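Right, one structure below, let's go through it.
Note that the structure is predicted; figures quoted are calculated from it, not measured. Read the numbers this way: they start at 1 and go in the same order the structure lists the ligands and their atoms.
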Amino acid sequence: MPDHASGRIDLARLQEVLDGPWAEVRNAHRKHLDARFLPVYGETGDQARERITRLLSELPVELGIASAFPTEYGGRSDVGGSIVATEMLAQVDLSLMVKAGVQWGLFGGAVAALGTRRHHDAYLRDIVSGRIFGCFAMTETGHGSDVQQLRTTCTYDPRTQTFDLHTPHEAARKDYIGNAARDGRMAVVFAQLLANGRRHGVHAWLVPIRDAQGKPLPGVTIGDAGAKAGLLGVDNGRLSFDHVQVPRDMLLDRYGRVAEDGTYSSPIENDSRRFFTMLGTLVRGRVSVGGAASAATRSALTIAVRYGDIRRQFGTPDAEREVLLNDYLAHQRKLLPALATTYALHFAQAELVAALDEVQGGDGPVDEHRQRELESRAAGLKAAQTWHATRTIQMCREACGGAGYLSENRLPSLKADTDVFTTFEGDNTVLLQLVAKGLLTGHRDEFGSLDGWGRASFVAEQVREMVLERTAARSLIERLVSAVPGRDEEVAVTDRGWQLKAFEDRERHLLDGAVRRLRNGAATKKDRPFDIFNDVQDHVLAVAAAHVDRVALEAFVAGIEDTADPAVRALLSRVCDLYALSVIEAHKGWFLEHGRLTPARSKAITGVVNGLLKELRPHMRTLVDGFAIPDAWLHAAILREEPRRQESMAAHDAAGDPQAVPA
Ligand SMILES: Cc1cc2nc3c(=O)[nH]c(=O)nc-3n(C[C@H](O)[C@H](O)[C@H](O)COP(=O)(O)OP(=O)(O)OC[C@H]3O[C@@H](n4cnc5c(N)ncnc54)[C@H](O)[C@@H]3O)c2cc1C
C-alpha cells in the first residue's frame, strides 16, 4: 500500500488518471477561470442574474464550452471536450454552468441536432458566439416527464404557409424554462404538429420570442418562474403563445417535414419512434448534468476532507492536542465511502463521455444500437450521479458542523444549486425506469409487450439484450469473474472477481425476479397492462439501480487496469475495494435474504470496510487533491481561517492560559 506521508504517491500521476483524455480542457479552465467567475454569496436574484449573464459573455474562448458545434460555425467538433468543459464550469459556479448549458447544450444543441443545413447556416454561428441567446422550451406546467403528451399545438395553414403556435390552456404553458425570464431572444419550442387535419406528434420550431429591445413579440407572453431554492443566476421563466405565426421554414425538420401544401413526410414513419429518436439526439444535456453533479460532489468532498484534516474536537487523555475530525472512525465512515463512490462514478462518466464522443462526434452514420445503449447508460448514470451529489453534499455540510451551514463556506450553495439536478434533464425515477425497460427487453417474449409502461417503451425496444453486456475491459472482467472458485467462503471479500460476481449476481437475480413477477402478472391481469407493470415498479427500479452499480464497478476496474503508475494503481485498487464493499454492505439485507452472504461473512465485511477506512485514512487528502481543484475555486472561508484559529488556540494553550481558549 502506498504511503502518502513518505511521498510515494505522485499527485501528478493520480491527476493524470482522473483528468483523462480531455486534460487540456480541464487545464485551460484551471488557468483561465479566476476569482471573477466565482459565486458571490448573499446576492439578490437580480444581482445574480445580471452577473451571470455578463460572465457568460466574458468566458474565455479558449475554454471550448461550445466546442461540440462544427468547426465551420465556430465550434471545434469536439463533443467530449464540451462535456468536460461543462463539468469544469460546474466546479466554478453552478449558475454559470447551467446558463451555459441552456445556451449551448439545450438551445444550440437542439438547433444543431433537430435542424437542417439552412437552420445551421442561418443561426448556429450567432448561437455559438452568444449573439443570439435562446431557450429550450419543452416542459409544460401539465407535462414534465411525459413530454410526448405536450398540449401546445402548432398547426400548419397551407394558404399562408405558416404554422399557428398556440397555448390552448394554462396547463400547456411552457414552464421553468431557462433563459426565458430575462435573456432569451429565441426559443426552440416543442409542440404537437398538425397539418392537413392530421396529428404528427411532437416536433420543434425555432421561434423568436423577444425583439431587439428585449420586449416580448406580439402573441408571446413571458413570465418569471419566481424565487427558486438555488441557481439564482439562471432566469427561469414561463412562455405562452397566442396564435403566434411561425414561418414554415422555422420547423426544425431533420426528422419531419411539411411541404408547402401541408403534406407531411419523415424518414421515421412511427410517431413514437420518431419522437424518441429526436429526444435521443439530445442526450448530451443529460450526460453534462451527471458530470456537473459529480464535479460539485468533488468540490464538497474536498472542502469537507480538508476541513476534517485541520479541525480538532475533543481531547484524549494521552494526547497533547485535540483529535482531528478525520481521525474519528465515524467521520471516515461518512467521507471515505462517499469518496470511493465518487471515484467509481468518475470512471463511469469518463467512459460514457468517450462513448458519446465516438457515437456523436464522427461523420459517419450513427449506429442505432450504440446510440440506444448510450441513452440508457446516460439515463442511469445521470440518476446515480445526481442522487449521489444530493446525499454527499448534505453529508459534507454536516461533516463541517455549523461552519458548513454558512454561505461563506460554499456548501449551502452547492447544496441548493445541485438539488434540482435530480429532477431536470429527466426525473431520476423516470430515468431509472427507462434503464430497467432496456434490461427487460430481452425477456419481452415471456410477459408480452412493454406497452403497459407507457410511451417510453420504444427506447427500451431498441436496447436489446443489454443485460450483462460488458461495459469495458470485457475480457479482464470475464477473466476475474471466472477465476472465482465455486465456494464463496474460500474467497476473500477483497477479491475483485468475487466483488464483480456479487454485483453481477445481484443484478441478474433481481432481473430474473422482476421477469418472473411480470410473467405471473401477465397471466392473471391480462386486461390490465398498467397493473402488471405498476405492481412490480419497486422491483424494476431495484434492477436498474443494481445495473448502474455494476456499470460503475466495471468502469472503476477498467480505469485501474489503464493506470500505469504502480503506487496510484495500488491506491485506486483499495478505493475500489471500499466502493464495492460499501455497496454490498448497504445491500446486506438483500445479500443475506438471498443466501448470497452467510451472516458470518456479512459481519466480516463490516470489519473489512473498517480496516479499509483505517488504511485509507492517511490518503484522504491525496484522494481529494487528485481532483486538482484550484484552491481559489473551493471558495470556502473555513479552509483559509481554520489553520490560523487552530494555531492561535494551540499557542494560547501552550502558554498555559486556559481562559484564553475560545468558546
Ligand atoms: C430549475 C429548473 C430548470 C428547468 N429548466 C428547463 C428548461 O430549460 N427547459 C425545459 O423544457 N424544462 C426545464 N425544466 C423542467 C424539468 O425538466 C421538469 O421539471 C422535469 O422533467 C420533471 O417534470 P415535472 O416537474 O413535471 O415532474 P413530474 O413529472 O410531475 O414528476 C413529479 C414526481 O412524480 C414522479 N413520477 C412521474 N412519473 C412517474 C412514473 N411513471 N412512475 C413513478 N413516478 C413518477 C417523479 O419521480 C417525481 O417524483 C426545469 C425545471 C427546473 C426545476
**OP:** Give the ring-plane orientation class for Phe163 versus Trp205, where under 30° counts as parallel, over 60° as perpendicular and anything between as tilted.
**Re:**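 Taking Trp205 first and then Phe163, their aromatic rings stand perpendicular (interplane angle over 60°).
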Original post:
Is a salt bridge present between Asp235 and Arg49, judged by a nitrogen-to-oxygen distance below 4.0 Å?
Top reply: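 Salt bridge absent between Asp235 and Arg49.
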Subject >> Ring centres under 6.0 angstrom apart (Phe421, Phe424) >> reply: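 That pair passes the under 6.0 Å test.
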**OP:** Any ring pair (Phe, Tyr, Trp, His ring centres under 6.0 Å) involving residues 227-251? Give me the pairs, sequence neighbours left out, ordered by first then second residue.
**Re:**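 Non-adjacent pairs meeting ring pair (Phe, Tyr, Trp, His ring centres under 6.0 Å): His166-His243.
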Original post:
With sequence neighbours excluded, what pairs up with Arg298 under the side-chain contact (heavy atoms from CB on, under 4.5 Å) test?
Top reply: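 Once residues adjacent in sequence are excluded, the partners of Arg298 under the side-chain contact (heavy atoms from CB on, under 4.5 Å) criterion are Arg26, Glu87, Gln91, Ser294, Ala295, Thr342, His346, Phe627, Ile629.
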Subject >> For Thr44, side-chain contact (heavy atoms from CB on, under 4.5 Å) partners two or more places apart >> reply: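 Asp46, Gln47.
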Please tabulate protein-ligand N/O pairs under 3.5 Å for ligand 1, atom names and distances to 0.1 Å.
residue: ligand 1; atom: 5 (N); partner: Tyr176; partner atom: O; Å: 3.1
residue: ligand 1; atom: 8 (O); partner: Gly178; partner atom: N; Å: 3.0
residue: ligand 1; atom: 9 (N); partner: Phe136; partner atom: O; Å: 2.8
residue: ligand 1; atom: 11 (O); partner: Phe136; partner atom: O; Å: 3.4
residue: ligand 1; atom: 11 (O); partner: Met138; partner atom: N; Å: 3.0
residue: ligand 1; atom: 11 (O); partner: Thr139; partner atom: N; Å: 2.8
residue: ligand 1; atom: 11 (O); partner: Thr139; partner atom: OG1; Å: 3.2
residue: ligand 1; atom: 12 (N); partner: Thr139; partner atom: OG1; Å: 2.7
residue: ligand 1; atom: 26 (O); partner: Gly144; partner atom: N; Å: 3.3
residue: ligand 1; atom: 29 (O); partner: Ser145; partner atom: N; Å: 3.3
residue: ligand 1; atom: 29 (O); partner: Ser145; partner atom: OG; Å: 2.5
residue: ligand 1; atom: 42 (N); partner: Gln433; partner atom: NE2; Å: 3.1
residue: ligand 1; atom: 42 (N); partner: Gln537; partner atom: NE2; Å: 3.0
residue: ligand 1; atom: 47 (O); partner: Asp427; partner atom: OD1; Å: 3.3
residue: ligand 1; atom: 47 (O); partner: Asp427; partner atom: OD2; Å: 2.5

